[in-house]
Amino acid sequence: MVIERVQKMSVEEFLNFAERSEYPYEFIEGEPIEMTGGKLNHFRLINRLQQLLESLLPDSDCEVLGSGMLVRVGDASLVSPDVIVVCGEPETESDTRILLNPILVVEVTSPSSIDHDRVVKRDFYESVDSIQAYLIVDQDRMLAELFARTETGWHLQTFSQSDEEVPLKALNCSLSLRDIYRNVEFETGDSSDANEAEGSV
């Protein structure tokens, strides 16, 4: 992911700027930041996660949204998760694409963005009252990190084996690592876990 910084602007100016831009942007502390650099696995995993979540929530009042929606995480900060789940009526800000009540946010990450996703975005997401879980999925190896809100604070669980399930208690369901990484091929390292997941539902 390459981050390109531009001049500071207001939220309204950013929304107008982003609407006209050819590339996706986030808005961090008053600065529009171009988000680029996703590889094929990045898009495969986003698509797969959307499909899995939709299949797990057919009879609920929850809705799965793809990237493009913005989540307000501060007075002058808006971020765009790769996948969002909102339950109940979606609340947006002043008829914009700024979503105010996500319950789950997901980021598919790479080596160049992992620190940003684990630290900066984690702090942002944990500050949003409606968010109950933040899931980070690695595009270059079988690894999922789940930050879940509990009564005593945020709790981290890490999953790296194909037979493990990621528990999404806020949605009353779980995601199988085998299903998440089905048909995903890694450029380096052992891809056997991903390959053995082929053919699963």
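Please read all numbers here as calculations on a predicted model, not as lab measurements.
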Checklist entry - Could you walk me through whether Q157 and V166 pass the side chain to side chain contact (heavy atoms under 4.5 Å, CB included) check? => result CA-CA 8 Å; Q157 291 177 275; V166 181; over 6 Å; no
Checklist entry - Roughly how far apart are R20 CZ and L15 CG, rounded to 0.5 Å? => result 11.0 Å
Checklist entry - Who are the side chain to side chain contact (heavy atoms under 4.5 Å, CB included) partners of E22, not counting sequence neighbours? => result none
Item to check | Summary of salt bridge (charged side-chain N to carboxylate O under 4.0 Å, His left out) pairs that have at least one residue in residues 121-134, sequence neighbours excluded | outcome: E26-K121, E107-K121, R122-E126
Checklist entry - Any disulfide bond (SG atoms under 2.5 Å apart) pairs touching residues 115-171, not counting sequence neighbours? => result none
Checklist entry - Any sub-3.5 Å donor-acceptor pair from D82's side-chain atoms to V108's backbone N or O? => result yes
Item to check | Pair V71-F124, side chain to side chain contact (heavy atoms under 4.5 Å, CB included): steps then yes or no | outcome: CA-CA 10 Å; V71 174; F124 279 149; over 6 Å; no
Next on the checklist: Suppose the criterion is side chain to side chain donor-acceptor pair (under 3.5 Å): which pairs have a residue in residues 84-104, not counting sequence neighbours?
Outcome noted: R72-E93
Next on the checklist: Using the side chain to side chain contact (heavy atoms under 4.5 Å, CB included) criterion, which residues pair with T150? Sequence neighbours excluded.
Outcome noted: T152, H155
Checklist entry - Which residue pairs satisfy the disulfide bond (SG atoms under 2.5 Å apart) criterion with at least one member in residues 49-109, sequence neighbours excluded? => result C62-C87
Checklist entry - Closest approach of D75 and V11, non-hydrogen atoms and distance? => result O-CG2, 3.8 Å
Next on the checklist: I need the minimum non-hydrogen distance between Y134 and W154, along with the two atoms involved.
Outcome noted: N-CZ3, 4.4 Å
Item to check | Separation between CG of L168 and CD of Q132, rounded to the nearest 0.5 Å | outcome: 12.0 Å
Checklist entry - Which heavy atom in S80 sits nearest to a heavy atom in G68, and how many Å separate them? => result OG-N, 3.2 Å
Checklist entry - Same cluster for F43 and V64 if Ile/Leu/Val/Met/Phe/Trp/Tyr side chains link at under 4.5 Å? => result no
Item to check | Sequence-distant partners of F14, ring-ring contact (aromatic ring centres under 6.0 Å, His included), two or more places apart | outcome: F27
Checklist entry - Between L171 and L104, which heavy-atom pair has the shortest distance, and what is it? => result CD1-CD2, 3.8 Å
Checklist entry - Does the side chain of F159 come within less than 4.5 Å of S176's, by heavy atoms? => result no
Checklist entry - In terms of the angle between their ring planes, are F17 and Y25 parallel, tilted or perpendicular, with boundaries placed at 30° and 60°? => result perpendicular
Checklist entry - Hey, does the side chain of D140 reach the backbone of F186 with a donor-acceptor pair shorter than 3.5 angstrom? => result no
Next on the checklist: Is there a side chain to side chain contact (heavy atoms under 4.5 Å, CB included) between R44 and N183? Walk through the geometry before answering.
Outcome noted: CA-CA 9 Å; R44 280 176 172 163; N183 297 329; over 6 Å; no
Next on the checklist: Ignoring hydrogens, what is the shortest heavy-atom contact between V73 and L78? Give both atom names and the distance.
Outcome noted: CG2-N, 4.4 Å
Item to check | All pairs passing salt bridge (charged side-chain N to carboxylate O under 4.0 Å, His left out) where residues 49-66 contributes a residue, at least two apart | outcome: none
Item to check | Rounded distance (nearest 0.5 Å) linking atom CG of D179 with atom CG of L52 | outcome: 5.5 Å
Next on the checklist: With a 3.5 Å distance limit and no angle check, can you tell me whether R48 reaches the backbone of Y181 through a side-chain donor-acceptor pair?
Outcome noted: no
Next on the checklist: Which residues pass the side chain to side chain contact (heavy atoms under 4.5 Å, CB included) test with L56, not counting sequence neighbours?
Outcome noted: C173, L175
Next on the checklist: Determine whether a donor-acceptor pair (N or O, by modelled atom type, separation under 3.5 Å) exists between the side chain of S160 and the backbone of L143.
Outcome noted: no
Checklist outcome for this item: For S10, the side chain to side chain contact (heavy atoms under 4.5 Å, CB included) test, sequence neighbours excluded, returns E12, E13
Next on the checklist: Starting from L100, can I reach L70 by hopping between I/L/V/M/F/W/Y residues whose side chains sit under 4.5 Å apart?
Outcome noted: yes
Checklist entry - Which pair of non-hydrogen atoms, one from I84 and one from M69, has the smallest distance, and what is that distance? => result CD1-CB, 3.8 Å
Checklist entry - Mind checking what makes salt bridge (Lys or Arg N to Asp or Glu O under 4.0 Å) contact with R118, not counting sequence neighbours? => result E145
Checklist entry - Residues two or more places apart in sequence or in another chain: which of them pass salt bridge (Lys or Arg N to Asp or Glu O under 4.0 Å) with D138? => result R141
Item to check | V137 vs I46 side-chain heavy atoms within contact, under 4.5 Å | outcome: no
Checklist entry - Does S130 use its side chain to pair, donor to acceptor, with the backbone of P102 at less than 3.5 Å? => result yes
